[in-house]
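Residues: numbered from 1 along the sequence shown.
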Amino acid sequence: MFRGSVLRNCDWKFGFVCALLLSASNSVAQENDLFDESAVEIERAANRDEMKRVYDAARAESTNPPATSSRGMVTQSPAMRKANERIDAALDQPLKTPLDFIEIPLNQILMRISDDYNIPIVFDLQALEALAISVETEVTTNLREVSLRTAFEIMLRQVEDLTYMVDNEVLLITSEDEAMQRLEVRVYRVDDLIWVPSTGELDFDSLIDILVSSVEHDSWMENGTGDGEVQPYSPGMLVITQTRRIHQQIETLFSTMREVKAAIEADRPVAAEEPSNAVRTKAFRIQNVWGDDPEQGREVLHEAIAISVGWEQENIDEDDTFLAVLPDRVIARHIPAVLRQVEGTLKQLDYIKTSGGGTSVFFSPSLPRKTVNPGGGPFQVEDAKQK
């Protein structure tokens with residue numbers, strides 16, 4: 001905690017289904033990949049509507065900017081986030097009046113700014129004392145037609161090692177060293193930047209490589225020279241731990257990437273959109289999870305899906321739809337909305353999970369088993385010897 005000087009205080013179905021499935025499979029789930037993609041044409045495009053629903057729900061009780069914003073959500077209480085965002089909004093405003101001062105004590109200038117923009121400004125006295133800097137250090141500035149944020153950055157450069165940060169609902173004037181030691185965790189929505197239309201996957205790695213190589217290279221733990229960290233999280237988020245100043249650079253990078261991406265997409269020929277009720281085929285990877293009676297297990301899963309989704313749809317030819325439960329996959333042909341219901345059912349029953357950008361195997365046999373890689377071709381699953 002810093003010692004400071006305040007300038008201004010200004011459905012039944014699933015119960016039945018799960019009971020049946022537990023009799024067929026009761027081991028701990030373990031991820032494995034046994035899917036031969038050449039066996040069926042799989043549409044791998046992820047569902048953007050579902051992504052939007054997830055993000056909207058996550059933002060329901062907050063004041064997070066629109067989904068297209070490049071600004072990350074700080075992991076703080078809603079009240080503190082709201083207060084800090086109000087200060088950030090003030091910093092993004094253009095100057096209301098010019099800042100024209102000649103050799104005026106810094107605390108007097110900041111008092112005026114605090115009054116004009118109704119933001120609390122605090123000096124980190126402990127950090128300033130360590131640098132032998134007085135709050136009455138005189139500065140000269142003549143700034144106009146710039147944002148308040150830019151004005152702060154230019155003005156504070158006159159005092160060596162002095163900077164500012166928004167922290168705990170105040171604008172804190174502190175030292176560069178102190179600001180660099182204060183790491184913030186922010187969550188960024190980046191699905192639009194990592195989506196690969198040709199594969200339907202999310203390419204987290206490329207974006208992370210761009211971050212750690214082009215934004216303050218020495219500040220990242222991955223480069224062996226800093227404390228900053230970045231971790232991907234489905235369905236399209238990056239959780240980044242960095243200083244506030246570097247977060248600002250990350251936001252600028254993401255904003256610029258979105259602008260360039262929008263320009264590229266605007267220059268492409270407009271393709272005809274596929275109707276939302278177009279029937280398509282999709283396969284969901286699973287594995288032998290049937291225990292001692294594979295046929296019964298597959299029948300149970302087929303029934304689980306059938307009673308859990310709205311299979312009958314108006315204006316859809318039933319002869320053009322099907323549902324097949326195979327030993328290593330579930331194949332369904334229907335409109336996208338029903339396919340999403342099928343996937344949701346499999347996820348709720350713990351047959352699949354989402355990892356990275358795609359759907360993965362969820363392996364939960366009823367007997368102890370081991371997985372052997374024979375060195376080419378599909379994996380083989382053998383029963384482990386009972387002890």
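Within a 6.0 Å radius of CD in E312, no more than 12 heavy atoms belonging to other residues, nucleotides or ligands are found. Residue Q158 places its CD atom among more than 12 non-hydrogen atoms of other residues, nucleotides or ligands, all under 6.0 Å distant.
Salt bridge status for E153 with R149: absent, with no side-chain N to carboxylate O gap under 4.0 Å. A salt bridge is absent between D88 and R86; no separation between the charged side-chain nitrogens and carboxylate oxygens falls under 4.0 Å. Ionic pairing of E251 and R186 is present here: one or more N-O contacts between side-chain nitrogen and carboxylate oxygen are shorter than 4.0 angstrom. A salt bridge does not link K261 with D192: every distance from a Lys NZ or Arg NE/NH1/NH2 to an Asp or Glu carboxylate oxygen is 4.0 Å or more.
Looking at residues two or more places apart in sequence or on another chain, you find no side chain to side chain donor-acceptor pair (under 3.5 Å) involving T243.
Note on I250 and L183: separate hydrophobic clusters, where clusters join Ile, Leu, Val, Met, Phe, Trp and Tyr whose side-chain heavy atoms are under 4.5 Å apart, directly or indirectly.
Side chains of F254 and L238 form a contact here, defined as non-hydrogen atoms less than 4.5 Å apart. Contact annotation: the side chain of T137 approaches that of S134 to within less than 4.5 Å [non-hydrogen atoms, C-beta and beyond]. Looking at S114 and I121, their side chains come closer than 4.5 Å, going by heavy atoms from C-beta outward.
Under the 30°/60° scheme for interplanar angles, the aromatic rings of Y164 and F152 are found to be tilted.
Closest of all the heavy-atom pairs between A127 and E178 is CB-CB, 4.4 Å.
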